[in-house]
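Below is one structure, written out as structure tokens; the observations come after it.
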Amino acid sequence: MEDSKFTQNIEEINIEAFQTDLINWFYQEKRNLPWRENQDPYKVWVSEIMLQQTKVDTVIPYFEQFMKKFPTVEALASADEQEVLKTWEGLGYYSRARNLQSAVQEVVETYEGKVPNDPKQLGDLKGVGPYTKGAILSIAYGIPEPAVDGNVMRVLSRILRIEADIAKAGSRRIFEAAVRQLISEDDPSAFNQGLMELGALVCTPKSPSCMLCPVQAHCKAFHDGVETELPIKTKAKKQKKQPYFACVLVDQHNRFLIEQRPNEGLLANMWQFPLVEKTDVDDDHLQAWVKEKYRVSLKGTDLLPKIKHVFSHIIWELDVRLFYVETTEEQANNQQWLSFGELAPYPFPVPFQKLINQLATHFESEI
DNA sequence: TAAACGTGGCC
DNA sequence: TGGCCAAGTTT
């Protein structure tokens, strides 16, 4: 259906000229990025995972740190997961980090530490989906496989005037089919990266710089004057608000209670201050809930500024309450009483980094 | 197929 | 301010 129109448009393209124009532009204009210093498959892999749904400028410092701490497949495979998460702290989508370490462990155990260049073996690794598989194969190994990300879909939707909804899961295969016809067998790495770099620097979502585009002459959308109408992308649903109480328990030695989140779901295995949904416990029962759940007696409470945190699919509204604890009993083993300085090694998601910053202000010199 | 899964920057 | 966007994968 959608394919028929694009099949016709692809036949109007001079493929050799398109490849040459794109690849030459890429070598001319490509940014110098730390993961482009060589083609080490491990570095390519780590960079591709970090770049998922994440801007280049955000990734750069994380990539540098990660490579310093885990320079090889073996180093990452044998690291503590907590240290890996700490290095990933603030980057988001933390299952990427846990899947990456798990996959690297499989590479050590099953493939003698060599990142596979076999599409099936590579694609079966945790966290390696169709895009990442194609990116590693083409960039690290020079194998002509499609690497279709959001950039590639946007660029090709314009060049070929493809009107498939790029928000839909099934649309990716249309673009993969297009790439298979267009890709350079001689330099699939520069071709795939060129498509993405073009999307990042020229063929941008809002106002594409068509006058600077190296493949303007090949672009159906530009020819027809519809470049700003593409790609077609349906809107995401609005996030649902979730009101919580965030509870800071402080004992007489200025130690704070933190707990580790479950090993799956949102922010898996990350640490937090005790959290409870307001739909589960209302204001009147909060104090009793804290005493019961954490086996403490209280000598006072206080109020800290509210924290709002927007995730991709939900919004946390944290009402932050301070509880001064008189006596404590043994706590569960996913919990820790720690002084302020001892919090440092524990990976916290951003909403709790905000909270920790509030504590630093609130307690000033006390801690 | 659609929802879950983070975060920061931009307008 | 709130919606949109960024080199996606898993379930």
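Labels below follow one simple rule: chain letters A, B, ... track the order of the sequence lines, proteins then strands, and each chain is numbered from 1. It should be emphasised that the depicted structure is a prediction, and the values quoted were computed from it without experimental measurement.
- Going from atom CZ of A/Arg98 over to atom P of C/dG8 covers 20 Å, rounded to whole Å.
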For nucleotides 1-3 of chain B, tabulate all protein N/O to nucleotide N/O atom pairs closer than 3.5 Å, reporting atom names and distance.
none

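- Of all the residues in residues 23-40 of chain A, not one reaches under 4.0 Å from DNA chain B with any non-hydrogen atom.
- Taken to the nearest 0.5 Å, the CG atom of A/Leu198 stands 5.5 Å off from the SG atom of A/Cys203.
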(request) Would you please test A/Arg36 and A/Glu197 for salt bridge (charged side-chain N to carboxylate O under 4.0 Å, His left out) and show each step? (result) CA-CA 13 Å; A/Arg36 285 180 174 165; A/Glu197 197 81 341; 3.1 Å; yes

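- When hydrophobic residues (I, L, V, M, F, W, Y) are linked wherever their side-chain heavy atoms come within less than 4.5 Å, A/Tyr93 remains an isolated member.
- Between the C1' atom of B/dC5 and the NZ atom of A/Lys126 lies a distance of 16 Å, rounded to the nearest Å.
- Rounded to the nearest Å, the gap between the C1' atom of C/dA6 and that of B/dC5 is 15 Å.
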Listed pairs under 3.5 Å, donor-acceptor, residues 117-130 of chain A side chains, sequence neighbours left out:
residue, atom, partner, partner atom, Å
A/Asp118, OD2, A/Lys120, N, 3.2
A/Asp118, OD2, A/Gln121, N, 2.9
A/Lys120, NZ, A/Asp124, OD2, 2.8
A/Lys126, NZ, A/Ser102, OG, 3.4

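- Phosphate contact (OP1/OP2 of B/dT7, side-chain N/O of A/Tyr94, threshold under 4.0 Å): present.
- Less than 4.0 Å separates DNA chain B from at least one heavy atom of each of the following residues of residues 45-60 of chain A: A/Gln53, A/Thr54, A/Lys55.
- The backbone N or O of A/Glu89 lies less than 3.5 Å from a partner atom in the side chain of A/Tyr62, making a donor-acceptor pair.
- Following chains of ILVMFWY side-chain contacts shorter than 4.5 Å, one can reach A/Ile13 starting from A/Met153, so the two form part of one hydrophobic cluster.
- Side chain A/Thr132 to base C/dG8: no donor-acceptor pair is found below 3.5 Å.
- Set against B/dG6, C/dC4, C/dT10, the side chain of A/Asn99 has C/dT10 as its closest nucleotide.
- Along DNA chain C, the nucleotide nearest to A/Leu125 and the one nearest to A/Lys238 differ in position, and the one closer to the 5' end is contacted by A/Lys238.
- Within a 6.0 Å radius of CG in A/Asp282, other residues, nucleotides and ligands contribute more than 12 heavy atoms.
- Comparing C/dA6, C/dT10, B/dT7 by their closest approach to the side chain of A/Arg154 singles out C/dA6.
- Closest heavy-atom contact between A/Gln101 and A/Ala79: NE2-O, 2.8 Å.
- Aromatic rings of A/Trp271 and A/Phe352 (six-membered ring for Trp) have centroids beyond the 6.0 Å cut-off, not under it.
- Contacts between residues 177-189 of chain A and DNA chain C, defined by a heavy-atom separation below 4.0 Å, involve no residue at all.
- Not one side-chain nitrogen or oxygen of A/His309 sits closer than 4.0 Å to the OP1 or OP2 atom of B/dG6.
- Rounded to whole Å, the distance from CD1 on A/Ile314 to P on B/dT7 is 10 Å.
- The aromatic rings of A/Phe273 and A/Phe348 lie parallel to each other, their planes meeting at an angle below 30°, with 60° marking the opposite boundary.
- Residue contacts shown for A/Leu91 include a base, since a base heavy atom lies under 4.0 Å away.
- A/Phe311 places its CZ atom 13 Å from the P atom of B/dA4, with the value rounded to the nearest Å.
- Not a single donor-acceptor contact under 3.5 angstrom links the side-chain atoms of A/Tyr131 to the base of C/dG8.
- Nucleic acid contact class of A/Lys308 (heavy atoms, under 4.0 Å, all strands): sugar-phosphate only.
- Between the side chain of A/Asp165 and the backbone N or O of A/Thr234 there is at least one donor-acceptor pair closer than 3.5 Å.
- Using a 3.5 Å distance cut-off with no hydrogens or angles, the side chains of A/Glu48 and A/Tyr131 do pair a donor with an acceptor.
- What separates CD of A/Glu264 from P of B/dC5 is a distance of 10 Å, to the nearest Å.
- Here the side chain of A/His313 is nearest to one of B/dT7, C/dC5, B/dC5, namely B/dC5.
- The interatomic distance linking A/Glu176 (CD) with C/dT9 (C1') rounds to 14 Å, in whole Å.
- Neither side chain, A/Ser78 nor A/Glu74, offers a donor N or O lying under 3.5 Å from an acceptor on the other.
- Taking 4.5 Å as the limit, some side-chain heavy atom of A/Phe63 sits within range of a side-chain heavy atom of A/Trp35.
- Aromatic pair A/Phe256/A/Phe363: ring centres closer than 6.0 Å.
- Nucleotides B/dA3 and C/dC4 have their P atoms positioned 16 Å apart, rounded to a whole Å.
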